[in-house]
2 protein chains.
Amino acid sequence: MLLTDRQLLILQVIVDDFIRSAQPVGSRSLSKKEEISLSSATIRNEMADLEELGYIEKTHTSSGRVPSEKGYRYYVDHLLSPQDLNQQDIAIIQSIFAERIFEFEKIIQRSAKILSELTNYTSIVLGPDVSINKLKKIQIIPLNEETAVAIFVTDTGHVENRTFSLPATVDASDIEKTVNILNDRLSGVPLENLNDKIYKEVAMLLRQHIHNYDFMLHTILDSFKMPLTEKLFFGGKTNMLSQPEFHDVAKVRSLLTMIDQEEWFYNLIRTGSAGIHVKIGTENNNSAMDNCSLITASYSVGSEKLGTIAILGPTRMEYSRVISLLQFLSRDLTTVLTKLYQNN
Amino acid sequence: MLLTDRQLLILQVIVDDFIRSAQPVGSRSLSKKEEISLSSATIRNEMADLEELGYIEKTHTSSGRVPSEKGYRYYVDHLLSPQDLNQQDIAIIQSIFAERIFEFEKIIQRSAKILSELTNYTSIVLGPDVSINKLKKIQIIPLNEETAVAIFVTDTGHVENRTFSLPATVDASDIEKTVNILNDRLSGVPLENLNDKIYKEVAMLLRQHIHNYDFMLHTILDSFKMPLTEKLFFGGKTNMLSQPEFHDVAKVRSLLTMIDQEEWFYNLIRTGSAGIHVKIGTENNNSAMDNCSLITASYSVGSEKLGTIAILGPTRMEYSRVISLLQFLSRDLTTVLTKLYQNN
DNA sequence: ATTAGCACTCGGTAACCATGAGTGCTAACA
DNA sequence: TGTTAGCACTCATGGTTACCGAGTGCTAAT
């Protein structure tokens, strides 16, 4: 069953109004709006229909209406008027890239901060997926007789390091030879393929040249099995507390503990394809987020999808504005990062 | 004016009881305690005196008594019965060191987690002060024509890295020479002294050997000016929300935003001398912490103070238990870390 | 010095009521 | 037939009142 234009208009105005005021919307206040020139009685009839169809709800028998999840979903899918960003927002976003920065993480971190400040919601930025970065150089630096640290540098300037124990039987020349072989063979290989490549191609080579091959290989290779967790950066974690829907400490608690549960969020956010995605309320499959919506966008370098930026807010979120902001920022991030790292 | 033994006993029982129950303590319930064999009337008289002296307070005219800040202070300074840790707690703490770990940060991070779980308060662990670590090795790795990354490894296996822009005029041999000179001259120097040492001793040397000395020096040295912020690790940030004193969202908000304000906390915690320190309520000089107490302890390697572990809880905190835990953990941390890193 | 007894205070809870914003329905109207 | 005015009804909200009980301070007896 399709909605009439009038019903669409009313739905849209209800959602807009509720997003602004956080108060249930009544027929009388709707009838006073410029866009709508109908009597409150007519509007009541239409609202009854909209409710029957599941787009709006009452909080109690004689209250005004509030958008349902289905209502928000419809609003986001069909009624959203793409809002232009104002000049000031654009300027603020672009200030992220104002100074010339070389480190990925800094840019990402600053993006998270700015996003949360612009929206007053919580921002989450998933750092670049390190595992597709290509290895530039490996170094092994002995610390003392028992331990050494292995350092991996990628073509994007990202540095990973692992400390491992070094059997006393291994001597300096072995280490040097190993490092040389590794660099020779592994340079340019994406981190995620290191292990594979080593076992298939490099192991044999090492066996030929290195005395304590077995020891050497295993201690070092163990440190290669990196749990390359991309880093999550949060901004405005406490912003949600100022939203009226979180005046209840229990809700706040479950939401915040959820946010601090980083692994969970990581999965929630990573699993998006390119483009903007909106998940509303229970669509997030987590009771702590029943009153929340999550909007995600991805950024990339060239054609490789690198990471995700996201905004977590109440279901009563300024969808239009947030979507515009994310679109704008993700495009900018992509442009800047592509310029910076494409040509290696 | 000194307190009588009886007053001390009553004060102690009041504080103990209130810490347990979070409810104002009345004369009747006190008279029923085993330790106290007085009628409620007598206790009322004593309580009136204690109140006049400022050790306890009423929440309203006819309520039971609650410890004042002065009361907690006296309790912590004089009435604390050093409580033994139970076997289970000890086991849990020692599980931190169960597997052999090489990385400082991991130990620290896990300590924070365990502390918060054991206490149900918020734990804060200030990582080791990297600036006193001694430089083991510097490496400079070019990424492309324009950028390079400098890597600093300390004797403890800590790795710092900085990306910087590399003027096209600098060629590979210059870099190599520079790195050699730097390693030759700076090995063993604490990071905090690097800059000094460079300008006093190494600059001259570099000038003699390197073509593009000025360029080289400044771009690299800029990256040496590291804001070596020791890392703060938090555990149980949301634990405070389960405390009854934080049933009010406004308080929660101000406290959490305060916690996320990392620099502030950093200063609050770093400024302690060795040993255990207890700061109660307004002693923290921060209105968001008026209802909180902060207990800190430091850990070290050998004689060098390295970092701090701390617990943030309500003023109604289990002082005895928390102090015991911190004492125990800081001693263990010191032992383990000393064994691990002393002999470089 | 201690305690029993008593009047008093005050937070908390429940009951009650008035108010007003909002609804659904019916009947009149264009 | 779609729109609107009118009206009875619902319910959250906030204020008033009353009552209970835990706890106090004071006085007088032990």
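Throughout, protein chains are lettered first and strands after them, A, B, ... in sequence-line order, and every chain is numbered starting at 1. Fair warning: this is a prediction, and the values are worked out from it, not measured in the lab.
For the pair B:T42 and B:T59, nearest-nucleotide mapping onto DNA chain C gives the more 5' position to B:T42.
Counting only distance, with no hydrogens or angles, the side chain of A:T119 and the backbone of A:L115 share a donor-acceptor pair below 3.5 Å. With hydrogens and angles disregarded, no donor-acceptor distance shorter than 3.5 Å links the side chain of A:S40 to the backbone of A:S31. A donor-acceptor distance shorter than 3.5 angstrom exists from the side chain of A:E69 to the backbone of A:T282, with no hydrogens or angles considered.
Nucleotide C:dT2 holds its C1' atom 9 Å from the CG atom of B:L38, rounded to whole Å. Computed from coordinates, the B:I10 CD1 to C:dT2 C1' distance equals 13 Å when rounded to whole Å. Whole-Å rounding puts the A:E46 CD to C:dC25 P distance at 15 Å. One atom, CD1 of B:I43, and another, C1' of C:dT3, lie 11 Å apart when rounded to the nearest Å. If you measure from atom CG of A:D49 to atom P of D:dG2, you get 12 Å, rounded to the nearest angstrom. Rounded to whole angstrom, the span from the CG atom of B:L30 across to the P atom of D:dG23 amounts to 10 Å.
Residues passing the side-chain contact (heavy atoms from CB on, under 4.5 Å) test with A:T4, sequence neighbours excluded: A:R6, A:Q7. With sequence neighbours excluded, the residues that form a side-chain hydrogen bond (donor to acceptor under 3.5 Å, both in side chains) with B:Y75 are B:D16.
Shown here is B:E35, whose CD atom has more than 12 heavy atoms of other residues, nucleotides or ligands within 6.0 Å.
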Once each nucleotide of nucleotides 17-24 of chain C is scored for protein heavy atoms under 4.0 Å, what B/S/- sequence comes out, 5' to 3'?
----BBBB

